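Everything below concerns the one structure shown next.
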Amino acid sequence: MGTIDGLPPLRDVIRTHELVAKKQLGQNFLLDLNLTAKIARLAGDLSACDVLEVGPGPGGLTRGLLAEGARRVVVVEKDPRCLPALEEIARTYPGRLQVLQGDALELDLAAHLTGPVRIVSNLPYNVGTELLIRWLSPAVWPPFWSSLTLMFQREVAERIVAKPKGDHYGRLALLAQWRADAKIVMHLPPEAFTPAPKVHSAVVHLTRLEAPRYPADAAVLSRVTAMAFNQRRKMLRSSLKGLGGDVESLLEGVGILPTARAEEIGLEHFCALARAVAERSA
Ligand code: SAM
């Protein structure tokens, strides 16, 4: 049976280039090109977009993105063993695939992209959360990307979309939902990957908001939520003592019960609290 693009099946690509998966690089590959094309479709219309993919590996998702009509795809891969396979894809789609070799945490990726930009990646587990936090915390908002379609371990995906009072609710949910609409759009069992990881995975789609959902200073909001969730089982009047001054009045002033715990407080109230903290020290 032919593939979606006439290139060899991914199993053959892996065998030809001897791409034995390296655990330390988070290498769990997707080999089903129908599945990677489906993930590409979940990202929305790509025909007028540059797509950034971090960690293309042997190129399964890259091929899905190109076959689904992405205007241009820029990939950044840390493992040099993958480059020949990626160059083969680039030759099949002339002018549409740029391959960068290096660490996504160290390169200035935005410099290689022309907007609008969508980021679509099956992220390496070891750097996935850090990349997401960076993409959600640029110095200036709106950021260089308009949407993120990212594969994570299911537990991380649940932390991104979590609501107050749930076990997964915390700083990541607040950061993501402050500046984006976030939803889980696909669940994948371990067997979808080669080699199969120990955990389930999920794809999260985040669409940026043009302005944060509620006003607040990013640094103050981050400080307040860090303090609150570092001691998530404690009452806020105690966990937020480090803010100094009369914490109880501060909380009451924005409609938060001083005896409430961080996990009970929604985004709107955390933003109000961050504004009150900023006003107090202005
Ligand atoms: N996209 C491919 C797929 O879906 O089959 C591979 C995904 S695999 C989970 C993660 C990929 O990220 C691996 O190819 C790995 O070598 C690469 N990688 C790991 N750390 C990286 C980093 N810091 N920067 C860029 N790529 C990295």
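In this text the structure is predicted, and so the values were computed from the model without any measurement. One-based numbering, in listed order, for ligands and for the atoms of each.
- The residue from Glu53, Arg81, Lys78, Arg63 that puts a heavy atom closest to atom 21 (C) of ligand 1 is Lys78.
- Close approach of ligand 1 to Gly57 (heavy-atom distance below 4.0 Å) involves ligand atoms 14 (O).
- Against a heavy-atom cut-off of under 4.0 Å, Gly26 is close to the following atoms of ligand 1: 8 (S), 9 (C), 10 (C).
- For atom 6 (C) of ligand 1, the nearest protein heavy atom (residue, atom name, distance) is Gly55 O, 3.3 Å.
- Around atom 19 (C) of ligand 1, the closest heavy atom drawn from Leu10, Leu31, Leu25 belongs to Leu25.
- Panel note: side chain Ser147, backbone Thr207; no donor-acceptor pair is recorded below 3.5 Å.
- Close contacts of ligand 1 with Val76, meaning ligand atoms under 4.0 Å from a residue heavy atom, involve 25 (C), 26 (N).
- Among protein heavy atoms, the minimum distance from atom 16 (O) of ligand 1 is reached at Glu77 OE2, 2.6 Å.
- Looking only at heavy atoms of the protein, atom 24 (N) of ligand 1 is closest to Ala104 N, 2.9 Å.
- For atom 4 (O) of ligand 1, the closest heavy atom belonging to the protein is Asn122 ND2, 2.8 Å.
- At least one donor-acceptor pair under 3.5 Å links the side chain of Arg118 to the backbone N or O of Asp45.
- Heavy atoms of Pro56 found under 4.0 angstrom from ligand 1 belong exclusively to the backbone.
- The closest approach between any non-hydrogen atom of Gly102 and ligand 1 is below 4.0 Å.
- Each of Val74, Thr92, Leu66 was checked for a side chain to side chain contact (heavy atoms under 4.5 Å, CB included) with Leu97, and the lone residue meeting it is Leu66.
- Residue contacts with ligand 1 do not include Cys82, since none of its heavy atoms lies under 4.0 Å from the ligand.
- Between Asp103, Thr62, Asp32, it is Asp103 that holds the heavy atom closest to atom 23 (N) of ligand 1.
- Protein heavy atom in closest approach to atom 13 (C) of ligand 1: Gln27 CG, 3.6 Å.
- Closest approach of Thr149 and His205 over heavy atoms only: OG1-ND1, 2.8 Å.
- By the 30° and 60° cut-offs, the orientation of the rings of Phe229 relative to Tyr169 is perpendicular.
- Counting only heavy atoms from C-beta outward, the side chains of Val204 and Val185 never approach each other to under 4.5 Å.
- Here the straight-line distance linking atom CG of Leu46 with atom CZ of Arg72 works out to 14.0 Å at 0.5 Å rounding.
- Every atom of ligand 1 is numbered from 1 in the order shown, and the set under 4.0 Å from a heavy atom of Asp79 is 16 (O).
- The protein heavy-atom contact nearest to atom 20 (N) of ligand 1 is Pro124 CG, 3.6 Å.
- Here the CH2-CH2 distance, from Trp145 to Trp135, works out to 9.5 Å after rounding to the nearest 0.5 Å.
- Atoms CG and CZ, on Leu209 and Arg213 in that order, are 4.5 Å from each other to the nearest 0.5 Å.
- Here the protein heavy atom with the shortest distance to atom 5 (O) of ligand 1 is Leu30 N, 2.8 Å.
- Side-chain N or O atoms of Asn230 include one that pairs as donor or acceptor with a backbone N or O of Ala226 at under 3.5 Å.
- Arg63 has its side chain out of reach of Glu68: every pair of non-hydrogen atoms, C-beta onward, lies at least 4.5 Å apart.
- Counting heavy atoms under 4.0 Å from ligand 1, residue Asn28 touches it through the backbone alone.
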